[in-house]
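Every chain is numbered from 1 and lettered A, B, ... according to where its sequence line falls, protein lines coming before strand lines.
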Amino acid sequence: MSVDTVIEVKNLSFRYAGERKQALKDLSFTVGRGEFLCIIGPNGAGKSSLCNALVGLIPSYFSGAKKGGVSVLGQDTEGTSVANLASKIGLVFQNPFNQISYTTSTVEEELAYGLCNIGAPRDEMRRRVKEIAETIRVGGLLRKNPLELSGGQIQRVAIGSTLIMRPSILVLDECTTQLDPLGSEEVFDIVKRLNKDGITVVMVDHDMERVARCADRVLVMNDGQLLAIDTPRAIFNGIFQSHGVDMPEYARFGAAMSGAGMYGGPALLTEREAINAGKAAIAV
Amino acid sequence: MSKQNKIKTKKTSSYIPLDSPIDRMHPMVKIYGVLCLGIGCAAFPFLWLSYAVVAFLFCVAWRAKLLGRFSKFIIAFAVPITCMLLIIQGLYSPKNVTVLADFGFARLGLEGVVYAFKTVGTLLVFLGGFYLMTTTTYPGKLVTAMQDAGLNSKAGYLVLASLNVVPQIQRRIAVIQEAQTARGVEVEGTMSTRFKAFLPIIGPTVMSSLVDVQERGMTLETRGFGVKDVRPTSFVALYLTPGEKAAKKVLVAFLIVCVLFAVFWALRPVLGLGV
Amino acid sequence: MRIEIRDLRHTYPTGEEALKGVSFTIEGVTPVAVVGQNGSGKTTLVKHFNRILSPTSGAVLIDGVETTKQSTAKWSKRVGYVFQNPDDQLFLNSVRKEFEFGPERVGVPAADIQKRLPEIAELCGLGDKLDSHTFDLTATQKKFCAIGSVMMMDPDVIIFDEPTCGQDVEGSRRLSEIIGHLEKRGKLCVTISHDMKFVAANFPRVVALCHGRVLIDGDSREVFAKPELLKKSFVSPPPISRVSLGMGFEKPAFSVDELVETMKARRRKMA
Amino acid sequence: MGKNKKSFIQGIKDQFSVKAIVLIPIAVGINLVGGMLASNLKLPIFLDMIGTIVSAALAGPWVAALVGLLTNIFLALVSNPVYLPYSVVSVGVALVVGFMMRAGLFKKIWGVVIIWLASTVVSAALAGSVTYFVFGGATGATGSSLLTVTLIAATQEILGSIFASSMIENLIDRAIAFAIAYVILKYIPKRLRSQYSLDGTDDFAEDPDGSPA
């Protein structure tokens, strides 16, 4: 893990206007540069609210009572406009159809939309669109209408139009939930590669096998609270099962083998690890 | 909204992509065209000018490869309204003095007939021009041109998003209709059965659309929509050719001449130039 | 219960051929899962079961009756369909009203509706939420509200489209419970799913579609024992099955416990 | 609205938050698909102002007025430019509905009846004016044109006939539109509505358990 902190959340609490329940309860944690952090927890745990707070939509877009604060790259999100923050931290959410601007007729225009709004010169736009199109692998789709793309393709365009603002942190709120396995894989591949290239990733995900495989650290939430934040091996050792948090099948397998006295190592996180541990157990 | 009809097709814009000089023309010239020709004809006191401009519009339609559609549109509009106005104004206008024909139950008056043809002529110029502009201009290009000319970017968003959001809501309503019939909502049968189907289908459409509003607003916020003190730029570049610049000047000149003539004509008695 | 699909073909008005001759029969009440990548024709197929779609050629027969014989609304008494997105179904201002809506439409007597209501609410985990606004529910609860509102119509067949999409552990567990309950009550459950963990745990029969044709149809253990064939439809066996196959076992395991038991047996044999 | 008095223009500007701006195209879409659904179900009415009413209730009269304007622009684009001048009618009706809702009339059934009657009269007056002053008496594009001509022939009175035919056309349609919008608005939960209110913070100051645990 990096020593360099890019996000610092300090005693963050939030309650939406008109609601009684606290959506976020006294959260504190930091995210390091280049880290891959996964947020897990049952539906209604406050994962989306946390994402909205990270990018500054809470409190500027959602009215409510906020305590504590979030700072991104040293800047307090409160008092900074969301548009300004977009060049530091980008958000991609679940429904791809809600992430296109509905004002453009081609993918390239869609990618450039954010730049148009901040008044970027045209040459700069063209250069960045070309660069981003390569990153998100939509080179062949640039002239297509975004509304005619498949879910996975639109989701990649959504990531692209976020990346075009050159954020160094990407927040993904269940961005593959509504996609089929193939589309989901396409999107996830890109996220993984971006992380390798140095972008910090904060991702909400329900696919525990994937979380176990990819996360540097896992943040567990329930009922608006932060239960734990640690490495996947530490999180998936069975402690949090009672909090509505699923375990990856491999970790569950490891735990069951330990119970039967066939395995004594750390939590299993990948298919490879599980197969090897299993083979070792029956080779005895 | 009393005149609103149902939309039969799934078309969401009247733009017909055809490669023609009119299609390639800068949208601003077309906007100038509709406004200058329309207002000029409306102001001009004689009715021949409108019909001359309509003839010119037919030439434009031919260049735009839209002669067939344009003729159809003009006839479909002109014939019924001319008939109706001849009855309403020709027979019943209080201004009627000169009687052209006497049908017994009513008299056809010259003033009313002239008024009817003047109205139809002006409307044909306006609506015909508008029709040609929208069928030959891609909506995105039109809005870009208007934004270049100083239109607020929020207004541009509203026009384009309205055009683009409709097909998506249409798809959604189709799914909702399926979902509700699967819950026992009958969409065929007696009038009261069909009436009862309206709410279960429009209800989820409205509700889910309102939920979408939230996320779409977030998207726009994060993408710098409506940032203060910044002049938005556009991805697609539009330039006026020298010919188009000249065309704009000619159109404005046409408008000025028409208006000046109209003022002159109206002031004739005052100026002592009576006929 | 018998659903017979006879050389079913469906071509959309756009010219897209979604089903290119599908034939199979579902008999009894054993839950069936339909799997395959997007565009394989899963949804098009099941939408024929209650005549949301009509065959371009071929036929679907429910207990010997062609589906085209009556409207979807009429079929809703016998064939229930839960759509993927609950927002497409829900619009009333309480869970109770949503539950009563369907059966009222098809003329179920009020007394019967009230009798069914508490049991189904309990099954769906909405027992204490009956008077909540559907908007105040979490994504999981909304989904179960939609499921419950279809179960309230007491159909003989229930079709689920991607029921685990966006669900958490709790939701998936409750769903398994409902599927078990339906089978016990003699109802057939047909599910479209991408979630192979869920399919393996709940569906003894799996039909995999690929490009509008049946790729494999059979016992789930046999189907998941052929990862190479399944790849054609971008389906991969659930993680634990992959582990057991990777360890060299012939039959794919469907649960962790099962695999551990098999391993114990192997160790005993070797010892 | 609000304790401190704002200027009229500022008041209008405040109604156009990003949320309201995103709502507008969607409300336009609802207007249009409402009309389409009515025709698909073969109902003899238009029902194409549900989006306008909902947006008036959520985001105020000026947002609703824009919804009305854009709905007509859209119709002019896709179906017939004749709709363009009638934008005046949509805007006028939206303002009447919006301001009467602001005054709290939509909460009671009798209030809804008043809004219905007022909006019908306003729309008939405006539509009649457009028909008379722009089109000289009839557009020839709608069924009411024939009605107008018949009335003129019977009464010899041009303006009155145009107004009367417009009233007849609108009265029933608006009644059903308002009834449906009334039900839908009842179903929209407060949580969603409070996202639009200009004084959303006031809303929750009343809440008892204010501080985080």
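Chosen from C:Met152, C:Lys77, C:Lys47, the residue pairing most often with chain B at heavy-atom distances under 4.5 Å is C:Lys47. In terms of heavy-atom pairs under 4.5 Å with chain B, the best-connected choice from C:Phe83, C:Trp75, C:Tyr81 is C:Phe83.
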For this session: Would you check, one step at a time, whether the test side chain to side chain contact (heavy atoms under 4.5 Å, CB included) holds for C:Asn38 with C:His194?
Result: CA-CA 9 Å; C:Asn38 273 16; C:His194 286 310; 3.2 Å; yes
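Only the side chain of B:Val211 comes within contact range of chain C, with heavy atoms under 4.5 Å apart. For B:Gln180, the part lying under 4.5 angstrom from a heavy atom of chain C is the side chain only. Residue contact with chain C, scored on non-hydrogen atoms closer than 4.5 Å, involves the backbone and the side chain of B:Leu199 alike. The parts of C:Glu98 that come within reach of chain B are both its backbone and its side chain, each placing non-hydrogen atoms under 4.5 angstrom from that chain.
Two residues are said to be in side-chain contact when any heavy atoms from C-beta on lie closer than 4.5 Å; C:Ile158 and C:Met151 meet this criterion. Between C:Tyr12 and C:Thr56, the closest side-chain pair of non-hydrogen atoms is not below 4.5 Å.
The environment of CZ in B:Phe235 is crowded: more than 12 heavy-atom neighbours from other residues, nucleotides or ligands sit within 6.0 Å.
Between C:Glu170 and C:Arg174 there is a salt bridge, since at least one side-chain N of the basic residue sits less than 4.0 Å from a carboxylate O of the acidic one.
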